[in-house]
Student: 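After the structure tokens below, expect a handful of questions from me.
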Amino acid sequence: MTQSRFLAAVILAVSLVVASPASAQVSVFDITAPATITDPYQPFTVTYRLGGSSYMASANVYFYLATTSTTLTQRVQLGWTQIYLGSGTGLHYPPSGTLTYQFYPGNLPEAARAQFNAIMAACQPQTWYIQAEVDYTLPKGDDTLIGTPKQPDFYFTAGTLSPSTIQPGGTTSFSFDLFTRCPAAYPSTVGVFLADANHQLLSYIGGVSIGAGAGTFSLPPTSITFSPYIAPGPYNLVLIADVNEVIAESNEDNNGGAFALNIVPYALTAFERDESPLTPDVPVPAEAASMRNTPGFDRADGYVQKF
């Protein structure tokens with residue numbers, strides 16, 4: 001073949017491709033993802049259909065997790081598969097009908113695992129798109145709701161009782177930080193109790209109102225004045241989050257915290273700057289339920305005088 005005839009053949013082939021672009025490129029016609037994926041670390045399947053044709057005998061289909069159905073950014077690859085288009089010469093066509101691809105946890109790339117971890121840590125399910133794309137063609141995607149609703153979980157992260165050594169009739173101040181990552185739908189109450197050295201409850205002192213929502217609730221230093229008739233000895237000031245049990249939490253067993261409090265006889269001197277840090281994750285005493293509705297202000301029970 002002469003050079004001029006070779007060039008003519010090349011030009012003819014290119015013109016045919018340009019004249020019939022749909023018949024010269026395999027692409028995704030549509031894709032269907034599950035409506036919901038509660039746990040992406042369990043196998044899940046998508047279905048898709050291909051169209052067009054190619055001069056190549058095979059094509060690669062790539063799958064992505066993306067923020068929209070067609071975006072080429074803000075996405076991570078989930079996997080890929082090779083599709084055989086046929087043998088011989090001329091145009092090759094993809095398999096007809098619906099194709100499936102199943103995702104397995106062990107085959108997920110590291111970037112996909114990191115993205116799924118972030119999604120699963122969220123308090124509410126999130127809408128994402130699973131895309132399919134053949135080689136360098138534009139992707140098609142379908143939306144799916146990933147994750148599960150998470151309940152709030154109250155727990156104390158910090159706090160101080162100062163002074164932690166007082167005489168009968170003395171006053172001390174306590175503060176605390178209470179945290180929940182996922183929001184509570186309703187307000188709740190932190191119950192404040194006086195307990196003995198073994199965390200056995202002696203008196204319900206009062207309640208601190210906590211608003212709905214998420215994040216950290218910080219109580220500034222709040223004074224408690226004890227009765228002049230309280231017996232000297234070691235005590236604990238016990239805090240119980242959601243003492244009225246109005247919030248369903250993911251963990252109901254980590255709502256307690258405690259400060260060590262020492263009541264000393266009048267003959268001894270209290271240390272004004274003595275402090276007691278909050279001990280978090282104290283077991284919630286069973287008797288709190290029967291004491292939580294007891295009035296907590298201006299008590300004359302031998303323990304607390306004013307809160």
Student: Could you tell me if the side chain of F217 sits less than 4.5 Å from the side chain of V190, heavy atoms only?
Tutor: no

Student: State, with a plain yes or no, whether a side-chain heavy atom of I205 is found less than 4.5 Å away from one of F174.
Tutor: no

Student: Using a 4.5 Å cut-off between side-chain heavy atoms of Ile, Leu, Val, Met, Phe, Trp and Tyr, which other residues end up in the same hydrophobic cluster as Y129?
Tutor: none

Student: Looking at OH of Y235 and CZ of F226, how far apart are the two atoms once the value is rounded to the nearest 0.5 Å?
Tutor: 9.0 Å

Student: Would you confirm whether T71, through its side chain, and T73, through its main-chain N or O, come within 3.5 Å as a donor-acceptor pair?
Tutor: yes

Student: Does the Y229 side chain pair with the main chain of G169, one donor and one acceptor, at a distance under 3.5 Å?
Tutor: no

Student: Could you tell me if T38 and T148 have a donor-acceptor pair between their side chains, going purely by distance under 3.5 Å?
Tutor: no

Student: Y93 vs L50, test: side-chain contact (heavy atoms from CB on, under 4.5 Å). Steps then yes/no.
Tutor: CA-CA 9 Å; Y93 297 92; L50 302 177; over 6 Å; no

Student: Quick check: Y155 with F179 (ring centres under 6.0 Å apart)?
Tutor: yes

Student: What I'd like to find out is whether the side chain of I210 reaches to under 4.5 Å of the side chain of L178, using heavy atoms alone.
Tutor: yes

Student: If you compare all heavy atoms of T144 against all heavy atoms of P34, which two are closest, and at what distance to 0.1 Å?
Tutor: OG1-O, 2.8 Å

Student: I need the minimum non-hydrogen distance between Q124 and P149, along with the two atoms involved.
Tutor: OE1-CB, 3.9 Å

Student: Heavy atoms only: give me the nearest L278-G257 pair and the separation to one decimal.
Tutor: CD1-C, 3.9 Å

Student: Output yes when a side-chain donor or acceptor of T180 lies under 3.5 Å from a complementary backbone atom of P183, and no otherwise.
Tutor: no

Student: Any donor-acceptor pair under 3.5 Å linking the side chain of N60 with the backbone of D135?
Tutor: no

Student: By salt bridge (charged side-chain N to carboxylate O under 4.0 Å, His left out), which residues pair with D30, not counting sequence neighbours?
Tutor: R49

Student: Checking T165 against V264 for the side-chain contact (heavy atoms from CB on, under 4.5 Å) test, could you report, in this order, the C-alpha distance in whole Å, the side-chain angles of both residues, the deciding distance, and whether it holds?
Tutor: CA-CA 7 Å; T165 303; V264 298; 3.6 Å; yes

Student: How far does CG of N198 sit from CG of N236, to the nearest 0.5 angstrom?
Tutor: 8.5 Å

Student: Spell out, yes or no, whether I230 and I224 are grouped together once hydrophobic residues are joined by side-chain heavy atoms under 4.5 Å, including indirect joins.
Tutor: yes

Student: For the residue pair P40 and F116, establish whether any side-chain heavy-atom pair is separated by less than 4.5 Å.
Tutor: yes

Student: Please report the shortest heavy-atom distance between A184 and I247, naming the atom on each side.
Tutor: CB-CD1, 4.0 Å

Student: Does a donor on one side chain and an acceptor on the other come within less than 3.5 Å for S164 and S276?
Tutor: no

Student: Count I, L, V, M, F, W, Y as connected when their side-chain heavy atoms are under 4.5 Å apart, and connections chain through other members. Are W80 and Y64 then in the same cluster?
Tutor: yes

Student: Is there any side-chain hydrogen bond (donor to acceptor under 3.5 Å, both in side chains) pair reaching into residues 209-222, and which pairs are they, with sequence neighbours excluded?
Tutor: D177-S218

Student: Run the ring-centre check on Y48 versus F63 and record whether the distance is less than 6.0 Å.
Tutor: yes

Student: Run the side-chain contact (heavy atoms from CB on, under 4.5 Å) test on S58 and Y84 for me, step by step, so that the C-alpha distance in whole Å, both residues' side-chain angles and the decisive distance to 0.1 Å come before the verdict.
Tutor: CA-CA 4 Å; S58 65; Y84 291 98; 4.1 Å; yes

Student: Could you state whether I119 and I130 fall into the same hydrophobic cluster, counting links through intermediate Ile, Leu, Val, Met, Phe, Trp or Tyr residues with side-chain heavy atoms under 4.5 angstrom apart?
Tutor: yes

Student: Which one of K140, R75, Q77 satisfies the side chain to side chain donor-acceptor pair (under 3.5 Å) criterion with E133?
Tutor: R75

Student: Which residue pairs pass the side-chain hydrogen bond (donor to acceptor under 3.5 Å, both in side chains) test when at least one of the two sits in residues 247-256, sequence neighbours left out?
Tutor: D153-N254, E249-N255

Student: Measure the spacing between CD1 of I240 and OG1 of T189 and express it to the nearest 0.5 Å.
Tutor: 12.0 Å

Student: To the closest 0.5 Å, what do you measure between CG (L161) and OG1 (T279)?
Tutor: 11.0 Å

Student: Say whether, by atom type as modelled, one donor and one acceptor occur between the side chain of S54 and the main chain of Q25 under 3.5 angstrom.
Tutor: no

Student: May I have all residue pairs that pass disulfide bond (SG atoms under 2.5 Å apart) and include part of residues 33-144, sequence neighbours excluded?
Tutor: C123-C182

Student: Step through the shown structure and confirm whether more than 12 heavy atoms of other residues, nucleotides or ligands are within 6.0 Å of CD on Q82.
Tutor: yes

Student: Could you give all pairs that pass the disulfide bond (SG atoms under 2.5 Å apart) test and reach residues 54-121, with sequence neighbours left out?
Tutor: none

Student: Quick one: CD on E275 to CZ on F259, what's the gap to the nearest 0.5 Å?
Tutor: 10.5 Å

Student: Is there a chain of hydrophobic side chains (I, L, V, M, F, W, Y, each step under 4.5 Å between heavy atoms) that links L65 to Y101?
Tutor: yes

Student: Do Y62 and Q131 have side chains that approach each other closer than 4.5 Å (heavy atoms only, starting at C-beta)?
Tutor: no

Student: Run the numbers on T225 and F307 for side-chain contact (heavy atoms from CB on, under 4.5 Å), then give the verdict.
Tutor: CA-CA 6 Å; T225 300; F307 171 46; over 6 Å; no

Student: Can you name the nearest heavy-atom pair linking I83 to P95, along with the distance?
Tutor: CG2-CD, 3.3 Å

Student: Between CD1 of I37 and CG of L145, what distance do you get to the nearest 0.5 Å?
Tutor: 9.5 Å

Student: Got a donor-acceptor contact below 3.5 angstrom from the T172 side chain to the P163 backbone?
Tutor: yes

Student: Nearest heavy-atom pair of D242 and S188: which atoms, and what distance?
Tutor: OD1-CB, 3.7 Å

Student: Is the closest side-chain heavy-atom distance between T45 and F103 below 4.5 Å?
Tutor: no

Student: Do M56 and V28 sit in the same hydrophobic cluster, where Ile, Leu, Val, Met, Phe, Trp and Tyr count as joined when their side-chain heavy atoms come under 4.5 Å apart?
Tutor: no

Student: Is there side-chain contact between S173 and S223, with heavy atoms separated by less than 4.5 Å?
Tutor: yes

Student: Could you check whether any side-chain N or O of N117 sits under 3.5 Å from a backbone N or O of A121, counting only pairs where one atom can act as donor and the other as acceptor?
Tutor: no

Student: Within a strict 4.5 Å, meaning less than it, do heavy atoms of the I31 and T47 side chains meet?
Tutor: no

